2 protein chains.
Amino acid sequence: MKLPILLAMLAVAAAPPPPQVRSPGDAVKSAPATDWVEIPAADLLVMDLAGGKRVVIQLAPQFAPVHIANIRAMARSGYWAKATIYRVVDNWVTQWGLGDGPFPTPPGVVARPPEEYQRGATGLMLMPMGSPDPYSAMAAFADGWPVAMQVGGTVNLTYCYGAVGVARDAAPDTGNSSELFAVIGSTARRLDRNYALVGRVIDGMEDLSALPRGTAEMGVYAKDQVPTPITAVRIAADMPAAGRPRFEYLRTGSPAFADYVQLASHRADYGVPSPGAALCAVPVPVRKVGAQR
Amino acid sequence: MKLPILLAMLAVAAAPPPPQVRSPGDAVKSAPATDWVEIPAADLLVMDLAGGKRVVIQLAPQFAPVHIANIRAMARSGYWAKATIYRVVDNWVTQWGLGDGPFPTPPGVVARPPEEYQRGATGLMLMPMGSPDPYSAMAAFADGWPVAMQVGGTVNLTYCYGAVGVARDAAPDTGNSSELFAVIGSTARRLDRNYALVGRVIDGMEDLSALPRGTAEMGVYAKDQVPTPITAVRIAADMPAAGRPRFEYLRTGSPAFADYVQLASHRADYGVPSPGAALCAVPVPVRKVGAQR
């Protein structure tokens, strides 16, 4: 008997079973606690709906500071006390606010904010996503957000599922964040750099996406449809500490996030791996604080 | 007075107003009637829901012939007489059928169809879409469908919003089209080449996408949720001619369609044009026969 062959046979017999294909969720689960970053309470917009439902939106002050200041001022003043969700368009957006106005805004609200559609890259840590992006020169992540860098070097937030934007009239500077919309569809990135993007829904998304679609013009609710009342809109920092929702996101500069992006971009857990992925198909992982500890 | 200057001033005064930016819809509206192709009645799956709602699905026999033969056989035999919509996952899929079985299928149904996930390009007229596609070597249109060509030359249908796929267990050959799902989210293209794609919803999409999300495991409806009954599933060709739904699509080889793709890929109707677009953001135009004549 030839010993090397026996040894080889033993090696085969003792080999561990083939590793299971890792999913993006596996990368998230194995991230150390130190890779999770809590979202500041000042950046959480908490919107309570009739029926005890709650939608939580993470605001993006590093991209749209004037709009975010407007939103905080309106939330704190009770501006939205009679607001409703009054427009739902399939594969497009759900929109809320007071509707046709104008309504007087509280002191400090800038009536016509500058076009905060894109910004310079200075001060951002960009992590390239690694797949081609039809809407920009480079898809990337920065500060916990999916972003696109354009030819010329400006950076913009991207209208992925759940992104929250500022409704406006045709003229670009006519939105002040009093009327907002969330993307409930698959094709909204043509709004990139055309509508101010102020945040993203991080909890309660299905309470916006599963609403009946509006049947009047432009998907506004018709007279025989009932808009969903919004019972309270608050900034988490203004709520009692004990009752505040708290969320954290996976730091987009962490090794665990890079592992997640790699796995999500070339998913092999169904069988045939994809050569790449759309930026919006790789959402930044977000979870409730304490949920998985 | 210097005449050239006066003439130049007159020219300015007489200049027509700047042309309106054309939208993709404008290209569709101006397509001649001869560019519209009626979908064969044998390729329309008509699914009636409780409450008088109707979902119409265009089948794709040129891509998944065995699965489509199965679907026609099951529709004609009344296999789905007690089917329901029993699973809804936000930003993902809505699924229907009889649920956990097995249930006996009618004669002619192939229990384990071949993997009809992709096909050769021979016999297809491909119209390249012109934007980079993270999921393939080339995004294109063929025979009225959004497709992707992979390195190596195979062509696959793509899991855009409204795409209908075959549910299955983990093993790739375990679906026979008795349980189907429709994409209601933005990130399903990782299913490309992994789940058989048999058609797309062309009418009634909101009756699938606006349903309450399932709260049990995997988004299946929990015991306290009511699945939506499906009251009838028929092939349009089997319905009385007078009552059949009829649809047509814009021929993907037509000049009007090329115009539409160009406008939809570089939309300028909001202000800043996008450098490109995702394949799924340029849906093939479909309308009811007679709707716009």
Side-chain angles (χ1 to χ4, degrees), chain A residues 88-91 115 117-118 129-137 139 148 150-151 156 160-162 170-172 183-195 205-213 215 264-283, chain B residues 88-91 115 117-118 129-137 139 148 150-151 156 160-162 170-172 183-195 205-213 215 264-283:
Chain A
V88 185
V89 184
D90 194 59
N91 196 20
E115 288 187 11
Y117 301 167
Q118 50 192 336
M129 192 235 169
S131 291
D133 178 28
Y135 296 92
S136 72
Q150 302 294 334
V151 173
N156 58 274
C160 297
Y161 191 82
V183 171
I184 64 165
S186 63
T187 63
R189 284 202 57 200
R190 62 177 185 259
L191 298 177
D192 287 8
R193 297 185 293 154
N194 280 302
Y195 280 70
M205 184 62 200
E206 64 277 12
D207 297 323
L208 300 175
S209 60
L211 293 170
R213 280 43 180 156
T215 58
S265 300
H266 309 283
R267 286 187 74 127
D269 43 332
Y270 292 128
V272 179
S274 54
L279 176 63
C280 294
V282 186
Chain B
V88 186
V89 185
D90 195 58
N91 196 21
E115 286 187 13
Y117 301 166
Q118 49 192 335
M129 192 235 168
S131 291
D133 178 28
Y135 296 91
S136 72
Q150 302 295 333
V151 173
N156 58 275
C160 296
Y161 191 81
V183 171
I184 64 166
S186 63
T187 63
R189 284 201 58 200
R190 62 177 185 260
L191 299 178
D192 287 9
R193 298 185 293 156
N194 280 302
Y195 279 69
M205 185 61 200
E206 64 278 12
D207 297 323
L208 300 176
S209 61
L211 293 171
R213 280 43 179 154
T215 58
S265 300
H266 309 284
R267 287 189 74 129
D269 42 333
Y270 292 127
V272 179
S274 53
L279 175 63
C280 294
V282 186

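In what follows, chains carry the letters A, B, and so on, assigned in the order in which the sequence lines appear, proteins first and then strands, with residues in each chain numbered from 1. Keep in mind the model is a prediction, meaning the values are calculated, not measured.
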Heavy-atom closest pair, residues [X] and [Y]:
X        : Y        : answer
B/Ala278 : A/Tyr135 : N-OH, 3.0 Å
A/Arg193 : B/Pro273 : NH2-O, 3.5 Å
A/Asp90  : B/Met205 : OD2-CG, 3.7 Å
B/Val272 : A/Asn194 : N-OD1, 2.7 Å
A/Pro134 : B/Pro132 : CG-O, 3.4 Å

Quick one: of A/Ser131, A/Ala277, A/Gly271, who has the most non-hydrogen atom pairs under 4.5 Å with chain B? A/Ala277
Under 4.5 Å from a heavy atom of chain B, the part of A/Ser136 involved: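 The backbone, not the side chain.
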Contact origin within A/Tyr195 toward chain B - heavy atom pairs under 4.5 Å: side chain
Output the distance between atom [atom1] ([X]) and atom [atom2] ([Y]), rounded to the nearest 0.5 Å.
X        : Y        : atom1 : atom2 : answer
B/Arg267 : A/Arg190 : CZ    : CZ    : 3.5 Å
B/Ser209 : A/Ile184 : OG    : CD1   : 7.0 Å
A/Glu206 : B/Leu211 : CD    : CG    : 14.0 Å

For B/Arg189, which atoms come within 4.5 Å of any heavy atom of chain A: side chain, backbone, both, or neither? neither
Could you tell me which portion of B/Asn91 (side chain, backbone, both or neither) has an atom closer than 4.5 angstrom to a non-hydrogen atom of chain A?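 Both backbone and side chain.
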Options B/Ser186, B/Ala264, B/Ala210, ranked by heavy-atom pairs under 4.5 Å with chain A, top entry: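 Winner by heavy-atom pair count: B/Ala210.
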